[in-house]
There are 2 protein chains.
Amino acid sequence: MSEDDRAVARERIIESMEQSAEVYGLSRSAGRIYGVLYFSDEPLSIPELVDETGYAKSTISNVTRTLTRIGLIHRRSSAGGGRRVQYTAEREIWFILQDVFQQYVQREIQTTLRTIQRAQAQLPDESETEGERIEELRDTYEDLQEIVTLASNFTAAELRDALESYDR
Amino acid sequence: MSEDDRAVARERIIESMEQSAEVYGLSRSAGRIYGVLYFSDEPLSIPELVDETGYAKSTISNVTRTLTRIGLIHRRSSAGGGRRVQYTAEREIWFILQDVFQQYVQREIQTTLRTIQRAQAQLPDESETEGERIEELRDTYEDLQEIVTLASNFTAAELRDALESYDR
DNA sequence: CTGTTTGTTCGGTTCACTCCGAACAACCGA
DNA sequence: TCGGTTGTTCGGAGTGAACCGAACAAACAG
């Protein structure tokens, strides 16, 4: 009974992770695979993940690669046994979010900013409406870049503290 | 020539907005429609947006609705003239990001947190591994919720200042 | 060397999403 | 009342992504 309850609770949270994965632009399978690894006591191999999740081997292979690249899970090659690679979940969610920020948000901001700067360079300084709009955009994106750069170097606790203790 | 250059610069930035839209989970058409409105001096009606973007009327109708719901553009019913509804872009990007955070990120965090709490309530306090994992998750999400709540009440300048002046 | 286990790659299917065109509803001016 | 304009809704075509199964490559055990 308590065993069942625990399984139900675990399943609910994994379903929630599936949904979160979709919000962050990943597939549902990615959420489930991460969830199973999150609750697993030991590292799991691909065949074990197939058993636990019900997905096809090829799906597990593809998804684990992208999850590894993003940094949500870690890959260990266990040289010893028959099984060759094993996966563990990164449990420090703050690290994951930092990575997402660094890799996606910051990158997105940077390319946009570069486009704006290039467009601005081509327009000589006749301050038409167009020019002002672009100027506005540039200022905003420079602010954003600064904020994200700073924030991504903080720990969660530091960030929270910085915000809580700030007196306007 | 300068006219052409300006058009080219504008087009580049709008293309960049199309790409950003995809990153944020919107369609390319949403990015273009927002971009055209961003650079327009006056509010535009749906037929005018059809001319400017080349999209079908129905597409404009659907996309403007979702953009309005999200808060990226504003809808004005100009009671006077023949045209009935007109749209303007929200140019304060920080407002947009705040809304996104409030509506999506915070909501996502809250539902996850609620799921975790409910799961935790069902498990009595036998501190098994499962229980510890869930406890861990809960702490993290409570931190996240606090951070997002605080951050979404700051202006961009305040946030930047808070981060820059924080001394660890 | 042969059989088994593991992991990757490739082609195909299914499904959701985007966008379009057509039909419809609401409203205005003659 | 009747055309003209505007906006919404609906069904369908095209497209991309998720996932699967099969084929293939690599490594180990016997």
Side-chain angles (χ1 to χ4, degrees), chain A residues 14-15 17-37 42-70 72-88 104, chain B residues 14-15 17-37 42-70 72-88 104:
Chain A
I14 291 182
E15 279 167 11
M17 287 175 172
E18 285 179 336
Q19 207 176 336
S20 302
E22 279 187 323
V23 173
Y24 298 139
L26 297 171
S27 57
R28 292 185 74 78
S29 55
R32 174 155 297 268
I33 290 171
Y34 175 80
V36 166
L37 286 173
E42 312 138 6
L44 297 182
S45 65
I46 289 189
E48 287 165 338
L49 282 171
V50 169
D51 286 347
E52 296 280 336
T53 64
Y55 284 111
K57 202 173 44 159
S58 54
T59 303
I60 304 285
S61 175
N62 287 319
V63 173
T64 48
R65 184 178 37 193
T66 73
L67 286 179
T68 303
R69 183 162 44 80
I70 299 178
L72 270 144
I73 65 178
H74 301 292
R75 183 193 181 114
R76 282 188 201 159
S77 31
S78 65
R83 296 161 185 146
R84 287 187 284 183
V85 301
Q86 294 186 312
Y87 295 95
T88 58
Y104 288 80
Chain B
I14 291 182
E15 277 166 12
M17 286 175 173
E18 283 178 336
Q19 206 177 338
S20 301
E22 277 187 324
V23 173
Y24 296 138
L26 297 171
S27 57
R28 292 186 74 77
S29 55
R32 174 154 297 268
I33 290 171
Y34 175 80
V36 166
L37 286 174
E42 312 139 6
L44 297 181
S45 65
I46 289 189
E48 287 165 339
L49 282 171
V50 169
D51 286 348
E52 296 280 336
T53 63
Y55 283 112
K57 203 173 45 159
S58 55
T59 303
I60 303 286
S61 175
N62 287 319
V63 174
T64 48
R65 184 177 38 194
T66 72
L67 286 179
T68 303
R69 183 162 43 82
I70 299 177
L72 270 145
I73 65 178
H74 301 293
R75 183 193 182 116
R76 282 187 202 159
S77 29
S78 65
R83 295 162 185 145
R84 287 186 285 185
V85 301
Q86 293 186 315
Y87 295 95
T88 59
Y104 289 81

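Each chain gets a letter, A, B and so on, in the order the sequences are listed, and its residues count up from 1.
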### Query
Has A:Arg65 got a side-chain N or O lying under 4.0 Å from the OP1 or OP2 atom of C:dG7?
no
### Task
Could you check which of C:dA22, D:dC20, C:dC27 has an atom nearest any side-chain atom of B:Arg84?
C:dC27
### Message
To check you understand the geometry: which heavy-atom pair defines the closest contact between A:Thr64 and A:Leu49, and what is its length?
### Response
CG2-CD1, 4.1 Å
### Message
By the 4.0 Å heavy-atom rule, please label A:Ser27 as base, sugar-phosphate, or nothing.
### Response
sugar-phosphate
### Query
Which atom pair, heavy atoms only, marks the closest approach of A:Ser29 to A:Val63?
OG-CG2, 3.6 Å
### Query
Can you tell me how far P of C:dC17 sits from CG of B:Leu26, to the nearest Å?
13 Å
## Note on the structure
Between B:Tyr34 and B:Leu67 the two heavy atoms that sit nearest each other are N-CD1, 4.4 Å
### Query
What's the CG-P distance between A:Asn62 and D:dG21, to the nearest Å?
14 Å
### Query
In whole angstroms, how far is the C1' atom of D:dG7 from the CD1 atom of B:Ile33?
14 Å
### B:Ser29 side-chain N/O to C:dC19 phosphate OP1/OP2 under 4.0 Å
yes
#### Entry: Side-chain N,O (A:Thr59) to OP1/OP2 (D:dC20) below 4.0 Å
yes
### Query
Considering only heavy atoms and no angle criterion, is a donor-acceptor pair shorter than 3.5 Å present between the side chain of A:Ser61 and the base of C:dG7?
no
### Task
To the nearest Å, give me how far apart CD1 (A:Ile46) and C1' (C:dT9) are.
13 Å
### Task
Looking only at non-hydrogen atoms, find the nearest pair between A:Ser27 and A:Ala21 and report the distance.
O-CB, 3.5 Å
## Note on the structure
B:Lys57 NZ to C:dA23 P, in whole Å, measures 12 Å
#### Entry: Spacing of B:Arg75 atom CZ relative to D:dT8 atom P, expressed in whole Å
5 Å
### Task
Might you confirm whether atom CD of B:Gln19 has over 12 heavy atoms from other residues, nucleotides or ligands at distances under 6.0 Å?
no
### Query
How long is the line joining OH of A:Tyr55 and P of C:dT8, in whole Å?
18 Å
### Query
Between C:dT5 atom P and A:Asp51 atom CG, what is the distance in whole Å?
13 Å
